[in-house]
Amino acid sequence: MLCHMLAAVEGAEILEAASLAEARAAVEEQNPDLLLVDIRLGESPTDRGGLELMSWLRGSGYATPAVMVTAFSEVAEIREAMRQGASDYVFKDELSPEMLLPIVNGIAERARLLREVGRLRKNLDARFGTGALVGSSPEMERVRLLVERVAGSDCSVLLRGQTGTGKELVARTLHQLGTHADAPFVAVNCSALPGTLVESILFGHERGAFSGADRRVRGQLELAGSGTVLLDEIAEMPPELQAKLLRVLEDRRFRPIGAERETPLRARILAATHVDLEERIRDGRFREDLFYRLNVVSIALPSLAGRGGDIRELLASLLPDLRRRLSFSPDAVEWLAGRPWPGNVRELKNALIRVALLSDTDHVDAKTLQELVGESARNSGAEVDGLATRILALPAGTGSKLDSVELAVLQRALELSSGNKSAAARLVGLERKAFERRWERGCGRPPDSGDDPSG
């Protein structure tokens, strides 16, 4: 009768066991998704094999859901079965598809959802767990060990490393492995926005706090709740905002712009930088006391050039994301491992995208890489040579052609960066202080701070 009813369950494969021994064997060999268990598993009226099976299941570590099939008179046995972990029960006198199938389908749906949660957690770990920190080199093992040790703490962590080494990925991993992984993760780029706007984004503001503030806006520190806030490019934070952030970290409270009351800080603060903060401290451009507040734990991300042995693992991690299935010959892998990669993993990823788009073959060798990846450097050098030739051909002026070209490049960088000197310096490939020195030497004055809200 049960087999006839369960035939309506799509894709069901039904196994039968008439004794405790057969039931144990079926579980061990087939690992079924659901058990329908009679209290009695033998001919004797005193047999209670179903209860023994439940006890054995839980003692052996099986989490298989079980529904007890029993008689009205076996109430005490039902209670015992439920204590042993049975999911539900159904009386034999009431057996019908209308009674049984909703129970079976409900348990099957819960099992499906649990499998889906497991799959999503696995994917999440692959993306943001320690599984996302690809590489078995000693340098990456040290990073992985540090992440595992500090993830469960709420202490501040300073992430240091060149551009493209994966500082935000490590920050997300710390968040995902932490005790508040279900809370938001927010990242604020301190160099991409003017200082006044960064303050509003971090702390929020009240309506009427300044011109244009037509409504109350909650800041990222509040929106993050008990989650994580990553302050990226922390070295570019304006000095006045550094002082406010220091106070927030000390008091664990902040005041939105224009607000009368302070708001508790519940989020964990992480910071990231690609510059030498100690040098910034010596130059007076970064507060030493803020540095010590942020640098409770420091995690240094190695450059890709320093861990060429991880190239194979990085390829295995990055290639599945491409829309084309590529393979690399041994000499191609060797070529990739020997390349300096100043842009680190980000540059490697972009190079693979370029190869996937432009390669004539799915099996890539070193020659193909030299043509597709190496050509950008060759083309860049050729373009610079061409520019130099055209500049030298210009009529002689009243001053140095080199000085004129340098000033034009600095001016254009400022225009493209909307007056933000830090962004303009990165565009040119200089430290901000060096950028300002060159500008002052060419113009006789500092860059106009009026165009740069970050000062």
Side-chain angles (χ1 to χ4, degrees), residues 146 150 153-163 167-168 170-171 174 186-205 219-222 224 228-257 259 262-301 417 419-426 430-437 440 446-447 449-450 452-455:
L146 271 174
V150 305
S153 166
D154 288 332
C155 71
S156 299
V157 178
L158 181 61
L159 304 171
R160 314 181 74 165
Q162 299 174 4
T163 300
K167 295 185 289 295
E168 183 169 340
V170 172
L174 286 167
V186 296
V188 179
N189 191 325
C190 300
S191 68
L193 298 167
T196 52
L197 191 52
V198 173
E199 182 177 359
S200 176
I201 288 175
L202 276 179
F203 305 135
H205 64 259
Q220 299 293 350
L221 295 182
E222 184 177 353
T228 303
V229 176
L230 169 64
L231 302 177
D232 201 6
E233 301 295 352
I234 187 69
E236 309 303 332
M237 180 174 282
E240 64 276 9
L241 192 52
Q242 291 180 30
K244 292 182 180 180
L245 178 61
L246 175 63
R247 175 64 64 185
V248 169
L249 294 177
E250 289 177 342
D251 298 344
R252 301 297 296 178
R253 304 183 70 83
F254 62 92
R255 189 190 302 274
I257 301 174
E262 292 185 325
T263 301
L265 174 65
R266 298 189 294 136
R268 180 184 193 179
I269 302 298
L270 308 178
T273 182
H274 72 283
V275 303
D276 187 340
L277 282 182
E278 288 83 354
E279 181 180 345
R280 291 287 179 98
I281 292 171
R282 289 192 294 271
D283 293 342
R285 289 183 289 162
F286 198 81
R287 294 182 64 105
E288 186 173 15
D289 44 7
L290 177 58
F291 171 76
Y292 290 124
R293 275 287 177 184
L294 295 171
N295 194 38
V296 177
V297 175
S298 179
I299 300 180
L301 279 297
S417 304
N420 187 301
K421 295 190 288 293
S422 298
R426 286 195 301 276
L430 295 173
E431 285 286 324
R432 174 171 164 159
K433 196 168 184 179
F435 180 94
E436 291 174 338
R437 284 197 303 268
E440 190 168 357
S449 59
D452 183 6
S454 68

If you measure from the Lys or Arg side-chain nitrogens to the Asp or Glu carboxylate oxygens, is any gap between [X] and [Y] under 4.0 Å?
{"X": "Arg160", "Y": "Glu278", "value": "yes"}
{"X": "Arg280", "Y": "Glu236", "value": "yes"}
{"X": "Arg253", "Y": "Asp251", "value": "no"}

Evaluate the side-chain proximity of [Y] to [X]: yes if any heavy-atom separation is below 4.5 Å, no if none is.
{"X": "Glu288", "Y": "Tyr292", "answer": "yes"}
{"X": "Ile299", "Y": "Leu158", "answer": "no"}
{"X": "Leu290", "Y": "Leu245", "answer": "yes"}
{"X": "Leu270", "Y": "Leu174", "answer": "yes"}
{"X": "Gln242", "Y": "Phe286", "answer": "yes"}
{"X": "Leu231", "Y": "Asn189", "answer": "no"}
{"X": "Ile269", "Y": "Leu221", "answer": "yes"}
{"X": "Val248", "Y": "Phe203", "answer": "yes"}

- request: Might you confirm whether atom CZ of Arg255 has over 12 heavy atoms from other residues, nucleotides or ligands at distances under 6.0 Å?
  value: yes
field: More than 12 heavy atoms from other groups under 6.0 Å of CZ on Arg247
entry: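 Incorrect, the count does not exceed 12.
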Rounded to the nearest 0.5 Å, how far does [atom2] of [Y] lie from [atom1] of [X]?
{"X": "Cys190", "Y": "Leu230", "atom1": "SG", "atom2": "CG", "answer": "8.5 Å"}
{"X": "Ser156", "Y": "Arg293", "atom1": "OG", "atom2": "CZ", "answer": "8.5 Å"}
{"X": "Leu246", "Y": "Arg287", "atom1": "CG", "atom2": "CZ", "answer": "5.5 Å"}
{"X": "Arg266", "Y": "Asp154", "atom1": "CZ", "atom2": "CG", "answer": "11.5 Å"}
{"X": "Phe254", "Y": "Thr263", "atom1": "CZ", "atom2": "OG1", "answer": "4.5 Å"}
{"X": "Ser191", "Y": "Met237", "atom1": "OG", "atom2": "CE", "answer": "10.5 Å"}

- request: Kindly say whether Val186 contributes a backbone atom to a donor-acceptor pair with the side chain of Gln220 at under 3.5 angstrom?
  value: no
- prompt: Has the side chain of Lys167 got a donor or acceptor atom that lies under 3.5 Å from a matching backbone atom of Ala300?
  reply: no
task: Please test Leu294 against Ile234 for side chain to side chain contact (heavy atoms under 4.5 Å, CB included), starting from the C-alpha separation and ending with a verdict.
output: CA-CA 10 Å; Leu294 295 171; Ile234 187 69; 3.8 Å; yes
message: On a heavy-atom basis, which atom in Arg268 and which in Cys155 lie closest, and how many Å separate them?
response: NE-O, 2.9 Å
query: What heavy-atom pair brings Ala235 and Thr273 nearest, and what distance separates the two atoms?
result: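 That closest heavy-atom pairing would be CB-OG1, 3.7 Å.
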No-hydrogen, no-angle side-chain donor-acceptor test under 3.5 Å, Glu233 and His274: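 There is such a pair (donor and acceptor under 3.5 Å, judged by atom type) between the side chains of Glu233 and His274.
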message: Please determine whether salt bridge (charged side-chain N to carboxylate O under 4.0 Å, His left out) holds for the pair Arg432 and Glu436, giving the CA-CA distance in whole Å, both sets of side-chain angles, and the decisive distance to 0.1 Å.
response: CA-CA 6 Å; Arg432 174 171 164 159; Glu436 291 174 338; 3.3 Å; yes
